[in-house]
Amino acid sequence: MPLRVFQRRRPEIFPVSPPPPCAAHLRRTVTTLSPQDELRTAVYQVHAQSVTALPVVSDGQLVGWLTDRDLAAQRIPDAPLVGDIAGPVPAVLAPSNTLSEMLAAMHTAHASLLPIVSAEGYYLGIVTLADVLTAAQGVVPAPRIGGMATPLGVYLTTGKETGGVGTLGLMLTGAVMSAMLVFVQILIVVLALSAFHLTHWEFLANVARVITEQPLQGSTTETAALLVVASALTMVGFMAMLRFMPRMAGYHAAEHQTVNAIEAGAPLTPQAVSRHPRVHPRCGTNLWAFMTLTYLGVSLVSMLLATEFGRAHLSLVMSLVVGYVLFVALFWRRVGAWLQTHITTRRATPKELASGIRAGEELLRRHLAGTGEAPRPFERVWRMGLAQVMIGVMITGFIMQLLQSPLDKLLDYLVR
């Protein structure tokens, strides 16, 4: 029977043949109750999470079990606390329990859901009877997936398992991104100095000085304006290079489309994956958009407050600040989606799409072959790939330090 992998409430067909899932693979996360909670809170949580029982947890340990029948027997206005009426736990599951073991435990306990408890007694989550029955038919929950585009292909991870390219690809991502930023800065400096020699406009030479971190002379307002212009030129140039990189933008699109296919209920085939959007709400581009908008807003306000007009019209400046904050709060995700659509991704080629599909298949096979245990904090950080990217950045930075002296001499000559 082909195995189906699904995001909650959105089933998806995925043709692989890993080992059967265990309890840890079917784990659901629900909001737990504390013995000190009021029954109003318990009633709300049972309704909001559409469950018939909730675990009562204290200091991570499972200490009780509260069912909807327990709640129905109480007069809520005069009710005691959760800890006063919670009953004993009918049965517990271990993370490694098989489908048959879970079914047997639920049948014996006459329960439609049971908690998963670690060997040390810590509460881990719940499994419902519906999950066990659907898993018996070949349907298991898909993990929460993150990923990254690299010059060598697509990288995907659950924080515990990985699929696609490895450490070298991630390090190359950091190296390429860092090298692109340095190239853009050098290009802006060369163009600004070339224009300066033609026009003798000192502002252009100062833009080059800002980028090369040379000392400036002038008012605070002029310095702030130079910083904003230099930063804007650098960001625009970097995004232009990112858009037209031969592989990065295409692999980025393939990464998003693969993850969207897993989450939206489509088989991992080229035809199905290619129909999914290149935009993903968890993409780092959204965070980049938020940080960029915030930086530009702070810089512009600082520059405005450095002028006599800004200091004389503080109420107007504050009104602009409030308006800008509302704009960022409402539209930063839309700005991020626009950047994903037009800048950081482009239509993936068949080769790039195949890289994303291979990464997705490999990731899900490893996920289902694993124990389903949550990753340790350090393990999660390493699996996310950011550490490897930073190693690539540092290597590029070290190389640039070796080249710094000749570059400084060349820029000093051009400025003069």
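- Here Leu81 contributes atom CG and Ser34 contributes atom OG; the two are 9.0 Å apart, rounded to the nearest 0.5 Å.
- A 4.5 Å side-chain heavy-atom check between Arg40 and Val43 finds every atom pair outside the cut-off.
- Between the Asn286 side chain and the Pro281 main chain, a donor and an acceptor come within less than 3.5 Å of each other.
- Put simply, the side chain of His252 never gets that close to the backbone of Ala149: no donor and acceptor are under 3.5 Å apart.
- A distance-only check finds no donor-acceptor pair linking the side chain of His276 to the backbone of Gln257 [under 3.5 Å].
- No donor-acceptor pair closer than 3.5 Å links the side chain of Thr150 to the backbone N or O of Leu170.
- Ring planes of Phe327 and Tyr324: tilted class, angle from 30 to 60°.
- A side-chain donor-acceptor contact under 3.5 Å links Arg282 to the backbone of Ile145.
- Between Thr52 and Ser112, the closest heavy-atom pair is OG1-OG, 3.3 Å.
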Test side chain to side chain contact (heavy atoms under 4.5 Å, CB included) applied to Phe203 and Val229, step by step: CA-CA 10 Å; Phe203 185 84; Val229 171; 3.9 Å; yes
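- Considering only heavy atoms from C-beta on, Ile186 stays 4.5 Å or farther from Val189 through its side chain.
- Shortest non-hydrogen contact noted between Ala53 and Trp65 is CB-NE1, 3.5 Å.
- Within a 6.0 Å radius of CZ in Phe238, more than 12 heavy atoms belonging to other residues, nucleotides or ligands are found.
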Side chain to side chain contact (heavy atoms under 4.5 Å, CB included) between Leu386 and Val381, intermediate numbers included: CA-CA 7 Å; Leu386 295 178; Val381 170; over 6 Å; no
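- Using modelled atom types, one side-chain atom of Ser274 and one backbone atom of Pro270 make a donor-acceptor pair closer than 3.5 Å.
- In this structure, a donor-acceptor pair under 3.5 Å is absent between the side chains of Tyr123 and Thr32.
- Of the possible polar contacts, one joining the Thr173 side chain to the Gly169 backbone as a donor-acceptor pair under 3.5 Å is found.
- Ring-plane geometry between His256 and His280 is classed as tilted, the angle between the planes lying from 30 to 60 degrees on a 0 to 90 degree scale.
- Look at Glu379 and Arg383 and you find a salt bridge, because one of the NZ, NE, NH1 or NH2 atoms lies within 4.0 Å of a carboxylate O, short of that distance.
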Val279/Trp338 under side chain to side chain contact (heavy atoms under 4.5 Å, CB included): CA gap, chis, key distance, verdict: CA-CA 9 Å; Val279 175; Trp338 184 91; over 6 Å; no
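- When each of Arg346, Arg347, Arg358 is paired with Glu352, the salt bridge (Lys or Arg N to Asp or Glu O under 4.0 Å) condition holds for Arg346 and for no other.
- Rounded to the nearest 0.5 angstrom, Glu255 CD and Asn260 CG are separated by 9.5 Å.
- What you find for Met106 and Val127 is that their closest heavy atoms are CE-O, 3.2 Å.
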Leu103 vs Leu133, side chain to side chain contact (heavy atoms under 4.5 Å, CB included): CA-CA, chis, key distance, verdict: CA-CA 8 Å; Leu103 281 172; Leu133 294 175; 3.9 Å; yes
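- Using a distance-only test at 3.5 Å, with no hydrogens or angles considered, no donor-acceptor pair links the side chain of Arg28 to the main chain of Thr128.
- Screening Thr31, Asp37, Val30 against Leu33 for a side-chain contact (heavy atoms from CB on, under 4.5 Å) leaves a single residue, Asp37.
- Heavy atoms only, all atoms of each residue included: Ala109 and Leu114 are closest at CB-CD2, 4.5 Å.
- Closest non-hydrogen pair, Ala253 versus Arg278, comes out as CB-CD, 3.5 Å.
- Interatomic distance, Ile126 CD1 to Leu54 CG, rounded to the nearest 0.5 Å: 7.5 Å.
- At least one side-chain heavy atom of Leu364 sits under 4.5 Å from a side-chain heavy atom of Ile262.
- Residues Leu268 and Gly360 come closest through the heavy atom pair CD1-C, 4.1 Å.
- Within a 6.0 Å sphere centred on CE of Met318, other residues, nucleotides and ligands contribute more than 12 heavy atoms.
- Environment of OH in Tyr295: crowded, with over 12 heavy atoms of neighbouring residues, nucleotides or ligands closer than 6.0 Å.
- Using a 4.5 Å heavy-atom cutoff, the side chains of Arg380 and Pro377 are not in contact.
- Here CG of Leu129 is found 9.5 Å from OG1 of Thr134. Values are rounded to the nearest 0.5 Å.
- Side-chain atoms of Thr158 and Glu161 form no donor-acceptor pair, as typed in the model, at a separation below 3.5 Å.
- In this structure, CG in Leu39 is found 6.0 Å from CG in Leu71, a value given to the nearest 0.5 Å.
- Within the model, atoms CG of Leu156 and CD of Glu361 stand 11.0 Å from one another, a figure rounded to the nearest 0.5 Å.
- Looking at heavy atoms from C-beta onward, Gln388 lies in side-chain contact with Trp382 at the 4.5 angstrom threshold.
- Between the side chain of Arg275 and the backbone N or O of Gln271, at least one donor-acceptor pair lies under 3.5 Å.
- The backbone N or O of Thr162 lies less than 3.5 Å from no partner atom in the side chain of Glu362, so there is not a single donor-acceptor pair.
- Proximity of Arg366 to Lys160: side-chain heavy atoms (C-beta onward) are nowhere separated by under 4.5 Å.
- Between Met177 and Val393 the shortest side-chain heavy-atom distance does not fall below 4.5 Å.
- With contacts defined as side-chain heavy-atom distances shorter than 4.5 Å, the pair Leu99/Leu26 qualifies.
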